[in-house]
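By convention in this document, chain letters (A, B, ...) are assigned in the order of the sequence lines, proteins followed by strands, and residues within each chain are numbered from 1. Keep in mind the model is a prediction, meaning the values are calculated, not measured.
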Amino acid sequence: MARHLITSAIPYINGVKHLGNLVGSQLPADLFARYQRARGHEVLFLCATDEHGTPAELAAAKAGKPVAEYCAEMHAVQARLAEGFRLSFDHFGRSSSPQNHALTQHFAGRLAEAGLIQEVVEQQVYSIRDGRFLPDRYIEGTCPNCGYDKARGDQCENCTKQLDPTDLIDPRSAISGATELEVRDTKHLYLRQSALKDQLDAWIDSKADWPVLTTSIAKKWLHDGEGLRDRGITRDLDWGIPVRKGDADWPGMEGKVFYVWFDAPIEYIACAGEWAEAQGLDAAAWERWWRTDKGADDVRYTQFMGKDNVPFHTLSFPTTLIGSGEPWKMVDHLKSFNYLNYDGGQFSTSQGRGIFMDQALELLPADYWRWWLLSHAPEKSDSEFTWENFQSAVNKDLADVLGNFISRITKFCRSKFGEAVPAGGQYGAAEAATIAEVEERVARYAELMDTMEVRKSAQELRAIWVCGNEYLQAVAPWSTFKTEPQQAAAQTRLGLNLAHLFAVLSAPFLPDASRTILQSLKIDTAAWPDDPSEFLSRLEAGHAFDVPDVLFAKVSDDDCAAWKAQFSGRRAD
RNA sequence: GGCGUUAUAGCUCAGUUGGUUAGAGCGAACGACUCAUAAUCGUUAGGUCGGUGGUUCAAGUCCACCUAACGCCA
């Protein structure tokens with residue numbers, strides 16, 4: 001039995017995530033976790049909300065709530081939606097947890113001891129009325145280049161010119177509109193990533209089996225221009241993890257917090273601590289997943305994320321772990337995804353464009369979305385959601401191929417033999433041929449799932465379902481029954497066994513449908529078919545079953561048109 | 001401006017280290033079947049593999065340049 005540590009990039013706390021966010025990390029991570037569990041391996045699957053930073057503060061202010069209260073509420077909302085999509089996290093944590101506070105401060109202390117932290121005094125705009133420093137993009141003013149009056153301190157989005165806040169004419173706070181701004185000195189900490197450049201480079205080079213997308217992004221950051229740059233890891237904010245050196249104060253850094261990108265990946269580890277606490281386990285329980293000196297030697301660690309997160313996971317977070325000088329478990333495989341587009345443009349949280357997780361579940365159950373999203377996962381390049389494509393995939397793959405197979409075999413059996421696996425006859429040449437093909441395909445399916453080839457796995461799974469329809473069509477038990485009922489019984493028996501097989505194989509993609517089929521077949525274990533040939537004889541004569549309700553309803557043209565219209569504009573908050 | 005990714009049948013995509021007539025699903029046409037959610041199964045049609053040039057006995061598959069889309073960085 002292998003041990004799999006699996007993490008999904010942690011979604012930002014600010015609002016409900018859209019389907020593009022979902023398919024880029026949480027959903028494929030869940031597919032992999034469910035598959036590895038089904039194969040009998042020990043799995044710890046973790047995710048959390050990323051809660052710190054200015055956007056969270058502003059969203060809380062807009063909602064008229066204290067930021068801690070806002071985050072707690074939004075965490076509950078995201079947790080509920082994750083459950084709705086059947087994301088099987090062992091723990092859904094929070095980057096604001098006490099565990100993450102302690103661990104983040106611990107890492108900062110270790111890095112400082114190792115000489116990997118540099119203190120830098122820089123100048124930043126301070127808003128007197130707001131009583132706070134303003135990040136560049138929260139300063140607005142008139143662009144000196146084009147005259148656009150809502151240019152931001154980092155860039156003018158009208159003429160795209162890069163700006164410094166001090167370039168702006170009539171600068172004002174984007175938060176309050178206040179114009180009483182001044183430039184003040186402020187001290188910040190920088191993580192000296194550049195000091196570990198060669199080590200990181202060699203480490204990335206050793207990962208020959210990572211997706212090109214992952215390594216090419218990491219390589220670009222390592223070698224582009226002047227090479228890997230040091231990054232600021234602190235901010236002048238109230239909401240966040242206070243800057244401390246382990247348990248000790250950090251002179252000169254009072255009132256400052258760590259920058260969100262520094263503490264967010266550390267939450268992967270802290271989350272294991274939260275999990276242990278929630279399970280009533282001791283520290284050793286989570287350390288055996290994360291410390292190679294405490295049992296994590298045989299752990300295989302896989303991370304899932306969208307391409308925008310790759311630099312932090314290939315460079316910054318590894319710098320934190322390596323730089324600590326402690327034996328932390330490093331990632332073994334990093335599966336990254338491109339973006340999912342929506343009907344000719346990008347999904348956008350800020351513009352409310354596309355379909356969001358809560359809206360999706362109001363329209364259809366999780367399995368429908370899981371199937372489309374995973375079978376169209378943007379692995380090789382960006383991919384695109386269209387309603388027509390979605391409708392076709394749901395109707396053909398789920399309703400016609402899988403759903404109808406379950407329906408036709410159970411109903412045929414009920415009408416000819418009753419609601420129990422029929423006795424009589426035996427498997428012959430046609431059965432052997434089908435079993436042989438299924439055996440081959442199951443092996444390929446497992447191989448694709450092992451290597452996280454998401455789209456190809458979906459294709460192979462569908463091909464396995466088709467084997468069921470092909471078989472029934474070829475042997476035609478409805479005809480056989482008229483002349484050789486014994487043989488028809490054997491054919492029906494294999495058909496029902498195929499239904500059992502499909503349920504087990506489909507569980508990682510379609511957990512609800514899988515359960516429904518197993519319940520109808522009155523099977524309470526879901527062991528993996530290590531030997532499909534043996535597996536297809538498990539349902540023996542006399543085993544009772546129920547005919548299930550329709551597994552997947554079709555999406556009508558009217559539904560499709562209505563939804564397309566409903567989602568053509570912006571999401572109303 | 002620099003870098004990266006992508007460009008294959010009407011649509012969504014596969015195409016290993018270059019090697020016989022470029023594949024799948026959907027859609028289309030035709031046929032078979034009638035157990036089933038008017039479902040299923042089969043057959044056929046459809047592509048000068050973005051463009052130009054090059055390397056090679058041989059290129060969708062390597063090289064150069066060009067074009068387009070998207071992204072990242074500055």
Side-chain angles (χ1 to χ4, degrees), chain A residues 20 154-155 160-164 208 211-229 306-312 336-341 344-347 371-372 375-417 434 444 447-448 451 453-463 465-482 488 491-492 495-496 499 547-556:
Chain A
D154 54 347
Q155 183 177 36
T160 74
K161 185 176 172 58
Q162 299 291 316
L163 301 171
D164 269 331
V212 183
L213 182 66
T214 303
T215 50
S216 69
I217 291 174
K219 284 294 191 181
K220 194 198 65 148
W221 281 59
L222 278 165
H223 300 295
D224 203 33
E226 305 137 46
L228 187 59
R229 300 187 171 198
K307 59 183 169 185
D308 51 328
N309 266 313
V310 169
F312 298 114
S336 58
F337 290 86
N338 287 287
Y339 292 140
L340 178 66
N341 291 322
Q346 291 188 8
F347 272 88
W371 176 253
W372 189 87
S375 61
H376 293 77
E379 290 176 293
K380 191 184 165 191
S381 62
D382 290 356
S383 63
E384 172 149 329
F385 178 93
T386 64
W387 286 101
E388 292 78 6
N389 196 314
F390 176 70
Q391 178 191 26
S392 154
V394 166
N395 291 355
K396 294 303 298 183
D397 300 346
L398 297 183
D400 293 348
V401 177
L402 176 61
N404 182 52
F405 174 78
I406 302 300
S407 179
R408 69 193 292 203
I409 188 61
T410 51
K411 285 181 181 169
F412 176 77
C413 184
R414 179 175 63 185
S415 71
K416 304 298 185 203
F417 301 102
T434 293
R444 200 174 314 143
E447 202 178 303
L448 292 168
T451 51
E453 294 281 356
V454 178
R455 294 175 88 123
K456 289 181 183 173
S457 297
Q459 260 177 35
E460 196 58 49
L461 179 58
R462 190 195 126 99
W465 299 337
V466 168
C467 289
N469 284 315
E470 277 173 355
Y471 171 70
L472 289 187
Q473 206 64 34
V475 300
W478 47 90
S479 300
T480 319
F481 183 76
K482 295 171 191 162
Q491 292 166 345
T492 304
L496 290 167
V547 171
D549 293 333
V550 166
L551 275 181
F552 298 101
K554 292 199 184 192
V555 173
S556 70

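Comparing B/A45 with B/G10, their C1' atoms are spaced 13 Å from each other, to the whole Å. The gap from the P atom of B/A7 to that of B/G50 amounts to 8 Å, rounded to the nearest Å. Straight-line distance between the C1' atoms of B/A24 and B/G47: roughly 14 Å, to the nearest whole Å. For the C1' atoms, the distance linking B/G27 with B/A36 amounts to 23 Å, nearest Å. Only the C1' atoms considered, B/A14 is 29 Å distant from B/C57, to the nearest whole Å. Between the C1' atoms of B/C49 and B/A9, the separation comes to 10 Å (whole Å). Taking the C1' atom of each, B/U43 and B/C33 are spaced 15 Å apart, rounded to whole Å. For the P atoms, the distance from B/U61 to B/U8 is 13 Å, rounded to whole Å.
Note: CG (A/Asp397) to P (B/G25) measures 11 Å, nearest angstrom. If you measure from atom CH2 of A/Trp465 to atom P of B/A36, you get 22 Å, rounded to the nearest angstrom. Distance CG (A/Asn469) to P (B/U37): 13 Å, rounded to an integer number of Å. Regarding A/Trp371, its CH2 atom lies at a distance of 14 Å from the C1' atom of B/C26, rounded to whole Å. B/U16 atom C1' lies 14 Å from atom CZ of A/Arg444, rounded to whole Å. In this entry the distance linking CG of A/Leu472 with P of B/U40 reads 13 Å, nearest Å. Rounded to whole Å, atom P of B/C13 lies 12 Å from atom CD of A/Glu379. As rounded to whole Å, 25 Å separates atom P of B/A39 from atom OH of A/Tyr471.
In the set B/C41, B/C13, B/U34, B/U34 carries the atom at the smallest distance from any side-chain atom of A/Trp478. Taking every side-chain heavy atom of A/Val466 into account, B/C41 is the closest of B/C13, B/C41, B/C26. Distance from the side chain of A/Phe552 is smallest to B/U37 among B/U12, B/U40, B/U37. Which of B/U37, B/C35, B/U12 sits closest to the side chain of A/Gln473 comes down to B/C35.
Heavy atoms of A/Val401 sit nowhere under 4.0 angstrom from any nucleic acid atom. A/Asn404 comes within contact range of at least one nucleobase, with a heavy-atom separation under 4.0 Å. Looking at heavy-atom distances under 4.0 Å, A/Leu551 makes contact with a base. Here A/Phe481 lies out of heavy-atom contact (under 4.0 Å) with every strand. Residue-level contact check: A/Lys456 touches the backbone only, with heavy atoms under 4.0 Å from sugar-phosphate atoms and none from bases.
Of the two residues near RNA chain B, A/Ser479 and A/Ala553, the one whose nearest nucleotide lies more 5' is A/Ser479. Residues A/Ser392 and A/Cys467 both approach RNA chain B. Their nearest nucleotides, taken by heavy-atom distance, put A/Ser392 toward the 5′ side.
Using a 5.5 Å limit on the distance between ring centres and a 30° limit on the angle between planes, the aromatic ring of A/Phe412 does not count as stacked on the six-membered base ring of B/C35.
Minimum heavy-atom separation, A/Phe385 to A/Leu340: N-CD1, 3.9 Å. The shortest non-hydrogen separation linking A/Phe405 to A/Val401 is CB-O, 3.3 Å.
Formation of a donor-acceptor pair under 3.5 Å by the A/Ser407 side chain with backbone atoms of A/Gly403 is not found in this model. Under the 3.5 Å distance criterion, the side-chain polar atoms of A/Ser392 are left unmatched by any main-chain donor or acceptor of A/Glu388.
The glycosidic torsion of B/G47 lies more than 90° away from 0, which places this base in the anti conformation.
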Point to revise | Intermediate values then yes/no, salt bridge (charged side-chain N to carboxylate O under 4.0 Å, His left out), A/Arg455 and A/Glu379 | key: CA-CA 8 Å; A/Arg455 294 175 88 123; A/Glu379 290 176 293; 5.1 Å; no

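Here the side chains of A/Thr480 and A/Gln491 are in contact, with some heavy-atom distance below 4.5 Å.
Contact check, A/Arg408 against B/C33: no side-chain N or O comes under 4.0 Å of OP1 or OP2. In terms of phosphate contacts, A/Lys411 brings a side-chain nitrogen or oxygen within less than 4.0 Å of OP1 or OP2 of B/U37. Side-chain N/O atoms of A/Lys554 include none lying less than 4.0 angstrom from OP1 or OP2 on B/A38.
Counting only N and O atoms by type, the side chains of A/Asn389 and A/Trp372 include a donor and acceptor under 3.5 Å apart.
Considering CG of A/Asp400 and CG of A/Asn469, their distance stands at 9.0 Å, rounded to 0.5 Å. How far CG of A/Asp397 is from CH2 of A/Trp465: 6.5 Å, rounded to the nearest 0.5 Å.
With a 3.5 Å limit on both pairing distances and Watson-Crick or G-U wobble geometry required, the stems of 3 or more pairs in RNA chain B span B:1-7 with B:67-73, B:10-13 with B:23-26, B:28-32 with B:40-44, B:50-54 with B:62-66.
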Side-chain polar contacts of residues 470-479 of chain A - donor-acceptor pairs under 3.5 angstrom, sequence neighbours left out - could you list them?
| unit_1 | atom_1 | unit_2 | atom_2 | d |
| --- | --- | --- | --- | --- |
| A/Tyr471 | OH | A/Glu431 | OE2 | 2.4 |
| A/Gln473 | OE1 | A/Arg408 | NH2 | 3.2 |

